S.K.: 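The following block contains the structure, expressed as structure tokens.
Remember, predicted model here, so these are calculated numbers, not experimental data. The residues of the chain are indexed from 1 along the displayed sequence.
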Amino acid sequence: MDFPQEYFTFVKEHLADDPASLRLRFHGDSREWIAPAIGNIAALKKGGKFKIGDKDFTPRVIPVELSAQQATSARVANLHATLAAEMFWKDPLPLHILDMTLGLGMDARMLLAKFSDATLKAFDLNPLLVDAARVNFVEEGTSVNFTEESPRVDIECADSVEYLRNLPESERFDLIFIDPARRGDSGQRLFNLHDCQPDLIDLLPLLRRHTSFVMAKLSPMLDVTQTLRDLPCTRELHIVEESGECKEILALIDFTPSTPLSDIKIIIDRFSGNRYQDFAFTQAEEAAAAEDMRSASHYLGRLPRRGEILLEPSAAAMKAAPFALLASRFGIAPLHPNTHLYVATDTTTALSDFPGTQYMVEAAWPFSSSVLKRLPALASEAYFPENPGRQVKVDIAVRNLKGFTPEILRRKTRLKPGDDMRLYGATLATPSGDKPALILTRRLEAKPN
């Protein structure tokens, strides 16, 4: 569809309005651009994801609200483009890029910004998104047709897989970007790479015919080890986390001589606030560290003490599972092989790059019914030592504690929910065997008022 000036005027004039009210108000309006314009307004209300600091990369046209929810954020798209630049830093020639699943086009836009001489061929099956992309790319000064004087972008509403199947083998791309659908026809999450569409595993021979490098954005629900088995030509596997949520698994596939599975680099990429962190390792390194950890002396072996630092791996770190390496690289002691919590006994150790959250230990007790009953008072005393009668709100987490969930532990303790403090119910490995424990903590930056 065309996006007339009335479309942009409507969006600007009603940007402060409630999209649901607008849909009721303009129900039955015959102008075809009304529904997309309201969808555009709804998407812009959640448009913070398209900003990096004070730079705004929000597309001018977002006609489908769902496309904004599913789109790559600006800073993750910028990460993709940066990784692509690292792949091709030795090759100064202009790149020819294929985006098989364009969507809202955030990744394509960042790739074109990173590679100023690149050309892009892009496909999407949704005609509305294709029409929107043509507007958005023109707004950025690019061309949408290879036959124009300064060609950079060619966008088609078609099946990119069929396009590749019909493409002569002599025609190749420097980089192919693909983002298979992560949900089924009924909206259910998909846990197997074969179930995603298009099926990347079946596509590998076709992709190899037309490129040496593929960047595949995959569901965060996929198993890391199985993904490496399914994509044997992977050079790097990135686990990308943003605002505490594991957003995607990104596979950098290289069809030149492959890397042994145990030596493939796995990288945790974390965006937390305005900060970026990465943690790289291989499964061979993790296996060697795990072998060293077989000695019980590597574990804390006791209750954490007041003033020590308790460390919890982030969502991406839990997905990537470098549990032994976290201990060895940061010089911290695991509580148990299956608890995935750590304690820094030396608080002078540099832990700023730890991929996770850090807490100050306020108190810890052996797990018992008497301690459970007294926890509201104990938490109040720890948080408000000068006024221990005040009520404290406590977040509850359970790690490897048989028979307990956070809900069950909350009922047992009668603690009010909140984030003044955090209580862990966890199992410790000790010289005399596994022992359940209760650990009361406070985020390092948290200060009582």
S.K.: Between Glu312 (side chain only) and Gly356 (backbone N and O only), is there a donor and an acceptor less than 3.5 Å apart?
M.R.: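 Such a contact is absent between Glu312 side chain and Gly356 backbone.
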S.K.: Any idea which heavy atoms bring Ala181 and Cys196 closest together, and the distance?
M.R.: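 Distance-wise, the nearest heavy atoms are O-CB, 3.3 Å.
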S.K.: Check whether any side-chain N or O of Lys319 sits under 3.5 Å from a backbone N or O of Cys246 as a donor-acceptor pair, and report yes or no.
M.R.: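 No; zero donor-acceptor contacts below 3.5 Å.
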S.K.: Decide yes or no on side chain to side chain contact (heavy atoms under 4.5 Å, CB included) for Tyr359 and Ile439, but give the supporting numbers first.
M.R.: CA-CA 11 Å; Tyr359 299 88; Ile439 308 167; over 6 Å; no
S.K.: Just by distance, no angles: are the side chains of His194 and Asp199 close enough, under 3.5 Å, to form a donor-acceptor pair?
M.R.: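 Present: a donor and an acceptor within the cut-off.
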S.K.: Within the side chain of Lys45, is there an N or O that forms a donor-acceptor pair under 3.5 Å with the backbone of Asp17?
M.R.: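 Yes; judged by distance alone, with no hydrogens or angles, the pair exists.
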S.K.: Assess, by modelled atom type and distance only, whether the side chains of Glu156 and Tyr163 contain a donor and an acceptor separated by less than 3.5 Å.
M.R.: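 No.
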S.K.: Can you give me the closest heavy-atom contact between Pro4 and Trp33, atom names plus distance?
M.R.: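 Minimum heavy-atom separation between Pro4 and Trp33: CG-CD1, 3.6 Å.
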S.K.: What pairs of residues pass the salt bridge (charged side-chain N to carboxylate O under 4.0 Å, His left out) test when at least one of them lies in residues 324-339, not counting sequence neighbours?
M.R.: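 Pairs touching residues 324-339 that pass the test: Glu285-Arg329.
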S.K.: Phe123 and Met100: side chain to side chain contact (heavy atoms under 4.5 Å, CB included), yes or no, with the steps?
M.R.: CA-CA 5 Å; Phe123 290 85; Met100 297 182 66; 5.8 Å; no
S.K.: Is a donor on one side and an acceptor on the other found under 3.5 Å between the side chain of Thr339 and the backbone of Thr427?
M.R.: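 Yes, Thr339 side chain to Thr427 backbone: donor-acceptor pair under 3.5 Å.
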S.K.: Could you check whether any side-chain N or O of Thr9 sits under 3.5 Å from a backbone N or O of Gln5, counting only pairs where one atom can act as donor and the other as acceptor?
M.R.: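 Pair found, side chain donor or acceptor close to backbone of Gln5.
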S.K.: State the NE2-OG1 distance between His80 and Thr82, to the nearest 0.5 angstrom.
M.R.: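 If I round to the nearest 0.5 Å, the distance is 10.0 Å.
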S.K.: To the nearest 0.5 Å, what is the distance between CG on Leu231 and CG on Asp254?
M.R.: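 Output value for this atom pair is 13.0 Å.
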S.K.: Does a side-chain heavy-atom distance below 4.5 Å link Arg134 with Asp131?
M.R.: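 In contact.
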S.K.: Ignoring hydrogens, what is the shortest heavy-atom contact between Thr234 and Leu228? Give both atom names and the distance.
M.R.: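 That closest heavy-atom pairing would be CG2-CD2, 4.2 Å.
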S.K.: Contact between Tyr299 and Pro337 at the side-chain level, heavy atoms closer than 4.5 Å - yes or no?
M.R.: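 In short, these two side chains touch, coming nearer than 4.5 Å.
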S.K.: In this structure, is the centre-to-centre distance between the rings of Phe330 and Tyr342 below 6.0 Å?
M.R.: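 They do not qualify: ring centres at least 6.0 Å apart.
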S.K.: Is a salt bridge present between Arg410 and Glu407, judged by a nitrogen-to-oxygen distance below 4.0 Å?
M.R.: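 So Arg410 does not pair with Glu407 through a salt bridge.
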S.K.: Shortest non-hydrogen contact from Arg422 to Ala397?
M.R.: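 Distance-wise, the nearest heavy atoms are NH2-CB, 3.4 Å.
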S.K.: Please lay out, stage by stage, how Leu438 and Leu409 fare under the test side chain to side chain contact (heavy atoms under 4.5 Å, CB included).
M.R.: CA-CA 10 Å; Leu438 294 165; Leu409 190 53; 4.2 Å; yes
S.K.: Do the side chain of Asp269 and the main chain of Val240 share a donor and acceptor less than 3.5 angstrom apart?
M.R.: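 Pair absent, no side-chain N/O of Asp269 close to backbone of Val240.
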S.K.: Under the rule for ring pair (Phe, Tyr, Trp, His ring centres under 6.0 Å), what residues qualify as partners of Tyr276, not counting sequence neighbours?
M.R.: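 If we apply the ring pair (Phe, Tyr, Trp, His ring centres under 6.0 Å) test to Tyr276, skipping adjacent residues, the hits are Phe271.
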S.K.: Please give me the minimum heavy-atom distance between Arg208 and Cys233, naming the atom from each residue.
M.R.: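 For Arg208 and Cys233, the tightest heavy-atom pair comes out as NH2-SG, 3.4 Å.
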S.K.: Taking the basic N atoms (NZ, or NE/NH1/NH2) and the acidic carboxylate oxygens, is any pair closer than 4.0 Å for Arg270 and Asp353?
M.R.: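 A salt bridge is absent here (no side-chain N lies under 4.0 Å from a carboxylate O).
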S.K.: Any side-chain heavy atom of Leu200 within less than 4.5 Å of one from Leu218?
M.R.: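 The answer is yes; the side chains approach within 4.5 Å.
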S.K.: Return the orientation label for the Phe26 and Phe10 ring planes: parallel under 30°, perpendicular over 60°, tilted otherwise.
M.R.: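 If you compare the ring of Phe26 with that of Phe10, the planes turn out perpendicular.
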S.K.: Heavy-atom distance under 4.5 Å between the side chains of Val394 and Tyr383, does that happen here?
M.R.: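 No; the side chains remain at least 4.5 Å from each other.
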S.K.: Using a cut-off of 6.0 Å, state whether more than 12 heavy atoms not belonging to Asn166 lie near its atom CG.
M.R.: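 Enclosed: over 12 neighbouring heavy atoms sit under 6.0 Å from CG of Asn166.
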S.K.: Using 0.5 Å steps for rounding, measure from the CD1 atom of Ile97 to the OG1 atom of Thr119.
M.R.: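 The distance works out to 7.5 Å.
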S.K.: Would you verify whether the NZ or CZ of Arg60 falls within 45 degrees of the ring axis of Phe8 while also being under 6.0 Å from that six-membered ring's centre?
M.R.: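 Output yes; distance and angle both within limits.
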S.K.: Is there a side-chain contact between Ile253 and Leu204 in this structure, where contact means two heavy atoms from C-beta onward sitting under 4.5 Å apart?
M.R.: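 Ile253 reaches Leu204 side chain to side chain.
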S.K.: For Ala316, is there any backbone N or O sitting under 3.5 Å from a side-chain donor or acceptor partner on Glu241?
M.R.: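 A pair under 3.5 Å: yes.
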S.K.: How many angstroms lie between atom CD1 of Ile264 and atom CZ of Arg235, to the nearest 0.5 angstrom?
M.R.: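 Answer for the CD1-CZ pair, Ile264 versus Arg235, is 11.5 Å.
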S.K.: Are the charged groups of Glu65 and Arg23 less than 4.0 angstrom apart, N to O?
M.R.: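 Yes, this pair counts.
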S.K.: I'd like to know if Arg306 and Glu362 make a salt bridge, using a cut-off of under 4.0 Å between side-chain N and carboxylate O.
M.R.: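 Looking at Glu362 together with Arg306, the answer is yes, because their closest N to O distance falls below 4.0 Å.
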S.K.: For the side chain of His210 and the backbone of Glu171, is there at least one donor-acceptor N/O pair under 3.5 Å apart?
M.R.: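 Here the side-chain-to-backbone pair exists.
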S.K.: Any non-hydrogen side-chain atom of Val161 less than 4.5 Å from a side-chain atom of Arg165?
M.R.: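 Contact flag for Val161/Arg165 side chains = yes.
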S.K.: Short question: side chain of His14, backbone of Ile41 - any donor-acceptor pair under 3.5 Å?
M.R.: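 Checked: no pair found.
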S.K.: List the steps, then state whether side chain to side chain contact (heavy atoms under 4.5 Å, CB included) holds for Phe115 with Leu175.
M.R.: CA-CA 12 Å; Phe115 299 100; Leu175 173 67; 5.5 Å; no
S.K.: Restricting to non-hydrogen atoms, name the atom on Ala317 and the atom on Phe323 that form the minimum distance, rounded to 0.1 Å.
M.R.: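 Heavy atoms of Ala317 and Phe323 come nearest at O-CE2, 4.3 Å.
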S.K.: Side chains of Gln277 and Ser272: is there a donor and an acceptor less than 3.5 Å apart?
M.R.: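 No.
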S.K.: Using the six-membered ring wherever Trp is involved, compare the ring planes of Tyr7 and Phe3 and label them parallel, tilted or perpendicular (cut-offs 30° and 60°).
M.R.: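 The arrangement is perpendicular - the two ring planes meet at more than 60°.
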S.K.: Looking at Glu6 and Arg31, is there a salt bridge between them, counting it only when a charged N and a carboxylate O are closer than 4.0 Å?
M.R.: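 Salt bridge absent between Arg31 and Glu6.
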S.K.: Using the side-chain contact (heavy atoms from CB on, under 4.5 Å) definition, which of the options Ile52, Asp107, Thr72 pairs with Asn78?
M.R.: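 When Ile52, Asp107, Thr72 are each tested with Asn78, the side-chain contact (heavy atoms from CB on, under 4.5 Å) holds only for Ile52.
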S.K.: I need the single residue from Ile155, Val130, Leu129 that forms a side-chain contact (heavy atoms from CB on, under 4.5 Å) with Leu102. Which is it?
M.R.: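 The single option meeting the side-chain contact (heavy atoms from CB on, under 4.5 Å) with Leu102 is Ile155.
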S.K.: As an exercise, state the distance from NZ of Lys114 to CG of Leu83, rounded to the nearest 0.5 Å.
M.R.: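 The NZ atom of Lys114 sits 9.5 Å away from the CG atom of Leu83.
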S.K.: Between Asp263 (side chain only) and Thr259 (backbone N and O only), is there a donor and an acceptor less than 3.5 Å apart?
M.R.: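 Here the side-chain-to-backbone pair does not exist.
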S.K.: Give a yes or no on whether a salt bridge exists between Glu242 and Lys49, defined as a side-chain N under 4.0 angstrom from a carboxylate O.
M.R.: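 The answer is no: the pair does not qualify as a salt bridge.
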S.K.: Are any of the side-chain heavy atoms of His238 and Leu252 separated by less than 4.5 Å?
M.R.: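 Of all side-chain heavy-atom pairs linking Leu252 with His238, at least one is under 4.5 Å.
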S.K.: Quick check for you: to the nearest 0.5 Å, what is the distance between Ile201 atom CD1 and Asp230 atom CG?
M.R.: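 Here the rounded value is 3.5 Å.
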S.K.: Measuring only between side-chain heavy atoms, which start at C-beta, is Asp159 closer than 4.5 Å to Leu125?
M.R.: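 They are in side-chain contact.
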